[in-house]
Amino acid sequence: MEVERVQLIASLCASDDGAMPPEFIRSDHEQPCLTTFLGPAPAIPVVDLAASDGSEITRAIVEASREWGIFQVVGHGVPEDVVRELQRAGREFFEELPQEEKEKYARAEAGGGSPTSGGQEGYGTKLQRELEGKKAWVDFFFHYIAPPSKVNHGIWPVLPAVDYRNITEEYAKYVVDLVDRMLTELSKGLELEEQALKEAVGGDSLNFLLKINYYPPCPRPNVALGVVAHTDMSAITILVPNDVPGLQILKDDHWINVDYIPNAIIVHIGDQIEILSNGIYKSVLHRSTVSKEKVRMSWPVFCSPPGDAVIGPLQQVVNEDNPPKYKAKMYKDYAYCKINKLPQ
Ligand code: OGA
Ligand code: NI
């Protein structure tokens with residue numbers, strides 16, 4: 001079955017005086033113009049990883065992960081030009097390759113399978129089965145960037161003007177190190193051994209899956225959504241955006257905007273860290289809005305346990321007064337239920 005790319009729909013809308021197909025109009029409880037909180041809202045925490053006081057860095061990360069489930073990091077050590085090149089390469093795939101070239105990378109969309117179960121890498125438009133038959137205003141590209149055993153360079157785009165492979169491998173090295181550091185800090189915050197969370201999510205078998213989100217200009221951004229409200233099923237997600245704001249999180253029942261901070265990287269706590277910590281750390285509910293004039297893009301890297309890793313509340317964080325709040329189950333079973341909207 002032919003998939004309709006949002007990028008193509010957007011270009012048709014642009015030439016048709018702004019008409020938007022009705023399946024992109026969200027119901028009232030989702031429309032950004034009806035649900036975005038406009039009052040004064042606190043900004044999500046920003047942590048400087050290059051600050052001199054190490055225990056203060058730990059404290060800030062731990063507090064942000066407990067209260068917000070999301071924070072931005074600066075002083076993270078990922079060079080600006082590495083991120084800029086990553087962005088240039090991703091943009092080139094969507095904007096410079098002819099559509100028929102892009103379709104050679106199309107992923108199998110059928111059956112709502114899991115991106116963790118293999119065979120789900122590539123260029124795509126629909127990730128999850130959507131309730132109410134609504135569509136999200138976004139195309140994407142998915143592929144593993146680590147560990148080496150998971151990486152299939154055959155699906156990585158080959159581009160005319162940039163060396164996609166070198167650029168992406170360079171970025172991947174920094175992300176692996178950053179995630180290591182985050183897991184160490186989060187372990188300390190639970191009074192565990194520094195390696196405890198890393199080991200619990202599979203150690204060096206932790207999977208790093210890059211997604212490139214491409215949100216074309218949208219004729220009716222007030223009533224459409226890019227990615228609909230969700231928590232990430234990963235352990236942790238590391239995201240770089242372009243300079244077009246659009247990420248929103250639910251905080252104290254309000255949808256609030258995440259500010260764009262040049263050169264910052266966004267860290268999301270995902271479901272698996274919430275589960276391992278027995279709810280001490282929060283997996284953040286988030287969504288993305290789109291822009292009328294500008295292309296929004298983002299590059300989340302989902303860091304997830306291998307499929308056969310059993311994830312449940314760590315025994316060190318549960319006791320009689322604090323019993324397990326989550327079932328222990330294999331990550332691949334968790335992912336299957338999440339993607340197919342089945343109870344866990
Ligand atoms: C996602 C996501 C947010 C964004 O792809 O899971 O939450 O800012 N993206 O694009
Ligand atoms: Ni997400």
Side-chain angles (χ1 to χ4, degrees), residues 6-7 10 26 30 32 36 43-44 65 68-73 83 86-87 90-91 93-94 107 109 114-116 120-130 135-145 175 179 207-218 221 224-251 255-274 281-291 294-304 334-335 338-339 341:
V6 175
Q7 196 176 0
R26 313 303 311 194
E30 287 189 296
T36 300
I44 72 162
S65 304
W68 293 78
I70 188 170
F71 50 98
Q72 308 213 42
V73 292
V83 172
L86 177 84
Q87 294 175 326
R91 193 156 181 148
F93 172 79
F94 285 95
R107 80 206 259 280
E109 306 279 349
S114 152
T116 59
Q120 293 297 308
E121 292 176 278
Y123 174 48
T125 294
K126 182 165 175 261
L127 179 58
Q128 293 199 356
R129 199 134 55 88
E130 273 234 36
K135 288 190 175 166
W137 193 263
V138 62
D139 296 325
F140 54 81
F141 199 111
F142 252 125
H143 67 74
Y144 286 99
I145 55 171
V175 173
V179 167
N207 290 326
F208 292 71
L209 185 63
L210 170 67
K211 184 184 179 201
I212 308 174
N213 285 311
Y214 188 86
Y215 306 97
C218 175
L225 278 178
V227 178
V228 303
H230 67 284
T231 60
D232 290 351
M233 64 180 146
S234 60
I236 196 165
T237 302
I238 302 293
L239 180 147
V240 297
N242 72 348
D243 60 357
V244 180
L247 179 60
Q248 297 189 328
I249 63 153
L250 193 72
K251 171 81 167 126
W255 281 108
I256 62 173
N257 293 308
V258 174
D259 293 335
Y260 168 70
I261 301 177
N263 303 320
I265 292 180
I266 297 169
V267 180
H268 288 74
I269 300 297
D271 295 350
Q272 306 313 308
I273 292 288
E274 175 172 314
Y281 297 135
K282 306 288 181 318
S283 181
V284 63
L285 190 66
H286 57 284
R287 67 181 186 186
S288 55
T289 62
V290 292
S291 156
K294 294 184 173 162
V295 171
R296 177 162 194 273
M297 291 188 73
S298 67
W299 288 259
V301 175
F302 302 104
C303 310
S304 305
Y334 187 94
K338 177 107 176 174
I339 285 174
K341 301 196 160 54

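Whatever order the structure lists ligands and atoms in, that order sets their numbers, starting from 1. Because the structure is predicted, anything quoted here is derived from the model rather than measured.
- A heavy-atom separation below 4.0 Å is found between H230 and ligand 1.
- Looking at D232 against ligand 1, only its side chain comes within 4.0 Å, counting heavy atoms.
- Scanning the protein heavy atoms around atom 9 (N) of ligand 1, the nearest turns out to be N213 ND2, 3.6 Å.
- How far CH2 of W255 is from CD of E30: 9.0 Å, rounded to the nearest 0.5 Å.
- Of the inter-residue distances, the one linking I238 atom CD1 with H268 atom NE2 reads 10.0 Å to the nearest 0.5 angstrom.
- At a 4.0 Å cut-off, at least one heavy atom of Y215 sits close enough to ligand 1 to count as contact.
- The distance between the ring centers of Y214 and F93 does not fall below 6.0 angstrom.
- No part of F140 comes within 4.0 Å of ligand 1, judged by heavy-atom distances.
- The nearest N/O/S atom of D232 to the Ni ion (ligand 2) is OD1.
- Distances from the Ni ion (ligand 2) show that H230 has an N/O/S atom below 2.8 Å.
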Test log, rule side chain to side chain donor-acceptor pair (under 3.5 Å), inputs T231 and K338: CA-CA 10 Å; T231 60; K338 177 107 176 174; 2.6 Å; yes
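- Atoms of ligand 1 found under 4.0 Å from any heavy atom of L247, numbered from 1 in the order shown, are 3 (C), 8 (O).
- For the residue pair D271 / S283, a side-chain donor-acceptor distance below 3.5 Å is found, with atom types taken as modelled.
- The NZ atom of K211 sits 10.0 Å away from the OG1 atom of T237 when rounded to the nearest 0.5 Å.
- Counting heavy atoms closer than 4.0 Å to ligand 1, residue R296 contributes side-chain atoms (C-beta onward) but none from N, CA, C or O.
- D243 CG to K294 NZ: the interatomic distance, rounded to the nearest 0.5 Å, is 6.5 Å.
- Here is the list of ligand 1 atoms found below 4.0 Å of a heavy atom in K211: 1 (C), 5 (O).
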